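Along the sequence shown, the residues carry numbers beginning at 1. From a predicted model like this one, the values you see are computed outputs, not experimental measurements.
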Amino acid sequence: MRLLLFGPPAVATGQDVTALAAERRSQLLAFLALGGGWVARAEIAAMLWPEQPPKLALTNLRKALFRLQSLSGMPPVEAQGNSLRVAVDTDVAEFEAALREGGHADALALYRGDLLQGFDDESSEPWTEWLRFERDRLRTAWRAAALARLAGDIEPAVALEITCRLLEADPLDESAMAAQVSWLARGGQGIKARAAYGEFAARLERELGVRPAADVESLVGRAAAPALSPPPRPAAEPVDDAFVGRSVELRRIAEMLTGDGCRLLTLVGPGGVGKTSLARRALRDLEPAFPGGVLFVPLEDDATGEDAARSLLRALGVAKVAKGDPLQEAIARLGGDARLVAFDNFEQLAGSAQMLGRLLDACPGVKLLVTSRVRLMIAAE
């Protein structure tokens, strides 16, 4: 017996595959199977019935367990005191095992789509947050495996199929676009390469107002030359008067934050000098260089490092922050992605600047741009 959790969830027994309906007992089964270990009943009840008082939520959990166990072909739910678990093979566990062993091809074959498709539940905010986190985590692992597979010994047809899957998942994925054009060019399909890149550049311009990153343009140009030439650049936009005389600073910010030697850059100056505007413009210009995206975190109403961590979580899309250490939760959500995070108006939090060092230590792909009226005086600055 196996649980298939990628794509629409199902139970596979031998050659028989039975789809799981999107209901509470199926959510319960999927949650326990994905974790694999013991989970407290109270935690499960609070996730699946957050609007109910704890006693009623536990009653609903008992009903869901009974209904789940009454279905034929379901894996057993084990109980130990006030905890539950489901010990069953899953495609997610096989996917993660393949990644640990370097079996990128096996991992890609197991990933049939986003985790638990069709199991979104807007009535439960805890479930929604958990599902979003797990989907992002597994999607990131799948993308990394796909790019690693593309960099290895692979047939052209398989490579193009992988790039198509990457671009279907994220139509603005520059690494996937560069790989697709490169493989098309290798196969002598220069016209297709030129068309694919042109459509991608137009999509970036239309949706984000930016051009492909310079290193991607250069790579694409080398891969597809002479058949491929980048589409003509649009006419220059009118000069933004707010940035007259700031081109040197913008160029220097870009050089430092895209280089290897700087992970925390502070823009220091008195109030009203334009630090916030400069930081926002730098974020916009640098977004293509950070695959994980950019974040702007305003701190004008924050008084403590914990407040700043909660503001970071809100910028990450977390509407309701759980109890515990908000910075640790933010670190978990940032993960290893290459991101640029801007903290604005940090001067009143200068005494809590060590939180930035903790964030940088835990998230090697993250770089920080901070505006402040004073220097932060920490080692990474």
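- Not a single donor-acceptor pair under 3.5 Å links the side chain of T13 to the backbone N or O of D16.
- Under the 4.5 Å side-chain contact rule for hydrophobic residues, L56 and L61 do not share a cluster.
- Considering all non-hydrogen atoms of both residues, L172 and L204 come closest at CD2-CD2, 3.9 Å.
- Listed for the S26 side chain is no donor-acceptor partner under 3.5 Å among the backbone atoms of A22.
- Residue E168 qualifies as open at atom CD: its count of foreign heavy atoms under 6.0 Å is 12 or below.
- With 3.5 Å as the limit, one finds a donor-acceptor pair spanning the side chains of R358 and Q328.
- When the shell of 6.0 Å around CG of N82 is examined, it contains 12 or fewer heavy atoms from other residues, nucleotides or ligands.
- Residue L267 is tested with V370, I253, T276 for a side-chain contact (heavy atoms from CB on, under 4.5 Å); the sole match is I253.
- Formation of a donor-acceptor pair under 3.5 Å by the T266 side chain with backbone atoms of V268 is not found in this model.
- Side-chain atoms of T59 come within 3.5 Å of backbone atoms of K55 as a donor-acceptor pair (strictly under, hydrogens ignored).
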* Should R280 and S277 be marked as a side-chain hydrogen bond (donor to acceptor under 3.5 Å, both in side chains) after you check the CA-CA gap, both sets of side-chain angles, and the distance that decides it? -> CA-CA 5 Å; R280 284 187 178 276; S277 296; over 6 Å; no
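- Applying the ring-ring contact (aromatic ring centres under 6.0 Å, His included) definition to pairs two or more places apart or across chains, those involving residues 5-47 are F6-F95, F6-Y111, F31-W130.
- Between R203 and E199 no salt bridge is recorded (no basic side-chain N to carboxylate O distance below 4.0 Å).
- Under a hydrophobic clustering in which Ile, Leu, Val, Met, Phe, Trp and Tyr are joined whenever their side-chain heavy atoms come within less than 4.5 Å, directly or via other members, V88 and L4 fall into different clusters.
- Not one N or O on the side chain of D114 forms a donor-acceptor pair closer than 3.5 Å with the backbone of Q117.
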* Give the intermediate values and the outcome of side chain to side chain contact (heavy atoms under 4.5 Å, CB included) for residues V77 and L84. => CA-CA 7 Å; V77 179; L84 304 172; 4.2 Å; yes
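- With respect to the salt-bridge test (charged N to carboxylate O, under 4.0 angstrom), the residues E249 and R252 do not qualify.
- A donor-acceptor contact shorter than 3.5 Å links the side chain of T163 to the backbone of L160.
- The backbone N or O of M47 lies less than 3.5 Å from a partner atom in the side chain of S124, making a donor-acceptor pair.
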* Do R100 and E96 pass the salt bridge (Lys or Arg N to Asp or Glu O under 4.0 Å) test, and can you show the C-alpha distance, the side-chain angles, and the key distance before you say yes or no? -> CA-CA 6 Å; R100 287 193 296 271; E96 294 181 313; 5.1 Å; no
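- A donor-acceptor contact shorter than 3.5 Å is absent between the side chain of K192 and the backbone of A185.
- Each of L138, L115, L29 was compared with L5 under the side-chain contact (heavy atoms from CB on, under 4.5 Å) criterion, and only L115 meets it.
- Put simply, the side chain of D344 never gets that close to the backbone of T371: no donor and acceptor are under 3.5 Å apart.
- Between L356 and F343, the closest heavy-atom pair is CD2-CE1, 3.7 Å.
- Nearest heavy-atom pair across E51 and S123 is OE1-O, 4.3 Å.
- Under the 4.0 Å criterion applied to side-chain N and carboxylate O atoms, R310 and E306 are assigned as salt-bridge partners.
- No path of Ile, Leu, Val, Met, Phe, Trp and Tyr side chains, each step under 4.5 Å between heavy atoms, connects L265 with V374, placing them in separate hydrophobic clusters.
- At a cut-off of 3.5 Å, with distance as the only test, no side-chain donor of R143 or T140 sits close to an acceptor on the other residue.
- Residue E122 qualifies as open at atom CD: its count of foreign heavy atoms under 6.0 Å is 12 or below.
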* Verdict with supporting geometry, V294 and R284, side chain to side chain contact (heavy atoms under 4.5 Å, CB included) -> CA-CA 8 Å; V294 299; R284 193 187 79 180; over 6 Å; no
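- One finds a salt bridge joining R139 and D136 here, because a Lys/Arg side-chain nitrogen approaches an Asp/Glu carboxylate oxygen to under 4.0 Å.
- Tracing side-chain contacts under 4.5 Å through hydrophobic residues (I, L, V, M, F, W, Y), one reaches L110 starting from L147; they form part of the same cluster.
- Under the 3.5 Å distance criterion, the side-chain polar atoms of R373 are left unmatched by any main-chain donor or acceptor of P270.
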* To do: Check the pair V11 / R2 against side chain to side chain contact (heavy atoms under 4.5 Å, CB included), numbers first and verdict last.
  => CA-CA 6 Å; V11 177; R2 293 171 68 234; over 6 Å; no
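- F290 and L340 get closest at one heavy-atom pair: CD2-N, 3.7 Å.
- Two different hydrophobic clusters hold F133 and L34 under the rule that ILVMFWY side chains link at heavy-atom gaps under 4.5 Å.
- Residues L349 and A303 share a closest heavy-atom pair of CD2-C, 3.3 Å.
- Heavy atoms only, all atoms of each residue included: R333 and E129 are closest at NH2-OE1, 3.4 Å.
- Using a 4.5 Å heavy-atom cutoff, the side chains of R41 and S83 are not in contact.
- Residues satisfying the side-chain hydrogen bond (donor to acceptor under 3.5 Å, both in side chains) test with R339, not counting sequence neighbours, are none.
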* Check step by step if side chain to side chain contact (heavy atoms under 4.5 Å, CB included) holds for K63 and F66. => CA-CA 5 Å; K63 292 178 181 178; F66 177 79; 5.7 Å; no
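- By the neighbour-count criterion of 12 heavy atoms within 6.0 Å, atom CD of E155 is sparsely surrounded, having that number or fewer from other residues, nucleotides or ligands.
- For the pair L131 and D121, the minimum side-chain heavy-atom distance is 4.5 Å or more.
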* To do: Under the salt bridge (Lys or Arg N to Asp or Glu O under 4.0 Å) rule, what do R263 and D361 come out as? Steps first, then yes or no, please.
  => CA-CA 10 Å; R263 294 190 63 207; D361 289 342; 5.4 Å; no
